[in-house]
Amino acid sequence: MVHFIGYIGFNNRSEIHAGVRDRALDLSYVRDALQVQEEGGFDRVLIPFGSNSPESQLVAAYGAALTSRLGFLVAHRPGFTQPTLAARQLATLDQLSQGRVAVHIITGGADSEMARDGDVGTTKADRYIRSDEYLDILKQEWSSAAPFDHDGRFYHIRQAQSSIHPQNLPVFFGGTSAEALDVAGKHADVYATWGETLEATREIISRVRSSAARHGRKIGFSLSLRPVIADTEEAAWQRAEEIENLVSCGSRAGGIASDRASATE
């Protein structure tokens with residue numbers, strides 16, 4: 001089965017246009033984006049996470065209250081919220097939205113991005129180990145009928161138990177390192193990757209499936225693409241070159257970084 005996942009930023013910004021951003025959180029823009037994608041038949045929308053952006057779970061709760069069918073893929077970074085608390089927050093959001101939420105676990109790749117929220121001194125490998133432990137606890141909090149203890153490298157918990165559990169809360173996960181693929185194979189319901197060549201895409205799917213098989217699991221896939229729309233193929237390629245030039249110029253000039261990078265790193 002194929003699902004279509006859209007995107008909701010917090011204001012009118014991208015790599016190719018600055019937009020009008022009087023506010024970091026433009027409510028009229030968010031409402032319009034919700035309405036267009038619900039009416040357009042999208043299955044979910046990704047809500048990004050960044051160290052200087054509005055909080056993704058709160059935006060998802062707002063979006064769920066304004067829609068009746070649209071699902072939400074909420075980017076969430078381990079390490080800044082205790083996993084037991086995050087489990088209850090996400091389970092509550094799942095209940096409030098009547099099962100329309102999925103969580104996209106963002107381990108975090110850039111040291112500078114992590115440091116803005118106080119995560120200083122961890123390596124990328126450390127963060128994937130932490131994500132693995134975090135997800136172990138998150139899932140146990142979601143499923144355990146009795147209090148449980150946990151003693152790990154990053155977390156020590158005594159008699160954790162939640163009174164609220166999710167109805168339907170898939171876990172998305174990304175990353176191409178060996179550490180990332182092992183965590184994805186163990187925990188992810190859906191592995192998220194960017195659009196690449198057919199050969200590269202075939203290779204990453206094979207690696208992820210092998211990782212999931214080692215844990216006795218099967219896994220779905222999410223492929224993020226940015227379609228370029230035009231009346232003809234020739235016009236579409238021309239527009240794609242224009243976009244590439246705009247992005248390159250913006251990067252050289254220290255232009256705006258997309259929220260989507262933070263949402264999937």
**Report entry** Qualifying residues under ring pair (Phe, Tyr, Trp, His ring centres under 6.0 Å), relative to His150, sequence neighbours excluded
**Finding:** none

Taking the side chain as every heavy atom from C-beta outward, state whether [X] and [Y] have any atom pair closer than 4.5 Å.
X      : Y      : value
Ile219 : Asp189 : no
His187 : Asp136 : yes
Pro170 : Asn168 : yes
Tyr7   : Ser224 : no

Query raised in the report: Taking the six-membered ring for Trp, are Tyr191 and Phe221 parallel (under 30°), tilted (30 to 60°) or perpendicular (over 60°)?
Result: perpendicular

Looking only at heavy atoms, which two atoms of [X] and [Y] are closest? And how far apart?
X      : Y      : answer
Pro48  : Ile8   : CD-O, 3.2 Å
Leu46  : Ile5   : N-CG2, 4.0 Å
Glu133 : Phe154 : OE1-N, 3.1 Å

Under 3.5 Å, is there a donor-acceptor pair linking the side chains of [X] and [Y]?
X      : Y      : answer
Ser51  : Glu113 : yes
Arg127 : Thr122 : yes
Thr92  : Asp94  : no
Tyr134 : His76  : yes

Side-chain donor-acceptor distances from residues 228-235 under 3.5 Å, at least two apart:
| unit_1 | atom_1 | unit_2 | atom_2 | d |
| --- | --- | --- | --- | --- |
| Thr232 | OG1 | Ala235 | N | 3.0 |
| Glu233 | OE2 | Trp237 | NE1 | 3.4 |

Under 3.5 Å donor-acceptor, [X] side chain and [Y] backbone:
X      : Y      : result
Arg100 : Thr67  : yes
Glu38  : Ser68  : yes
Asn245 : Glu241 : yes
Asp149 : Gln159 : yes
Gln37  : Ala33  : yes
Asp132 : Ile129 : no
Trp142 : Ala87  : yes
Asp43  : His3   : no

**Report entry** Other residues, nucleotides, ligands: >12 heavy atoms within 6.0 Å of Gln167 CD
**Finding:** yes

**Report entry** Glu55, CD: over 12 other non-hydrogen atoms inside 6.0 angstrom
**Finding:** yes

Query - side chain to side chain contact (heavy atoms under 4.5 Å, CB included) assessment of Leu223 paired with Thr193 - result: CA-CA 5 Å; Leu223 184 66; Thr193 186; 3.8 Å; yes

Only distances under 3.5 Å count here; give the side-chain donor-acceptor pairs of residues 202-214 to other protein atoms, sequence neighbours excluded, each with its distance to 0.1 Å.
| unit_1 | atom_1 | unit_2 | atom_2 | d |
| --- | --- | --- | --- | --- |
| Arg207 | NH2 | Thr176 | O | 3.3 |
| Ser210 | OG | Ser206 | O | 3.0 |
| Ser211 | OG | Leu181 | O | 2.6 |

Requested in this report: Apply side chain to side chain contact (heavy atoms under 4.5 Å, CB included) to His165 and Gln95, showing your working.
Outcome: CA-CA 8 Å; His165 300 93; Gln95 294 278 346; 5.7 Å; no

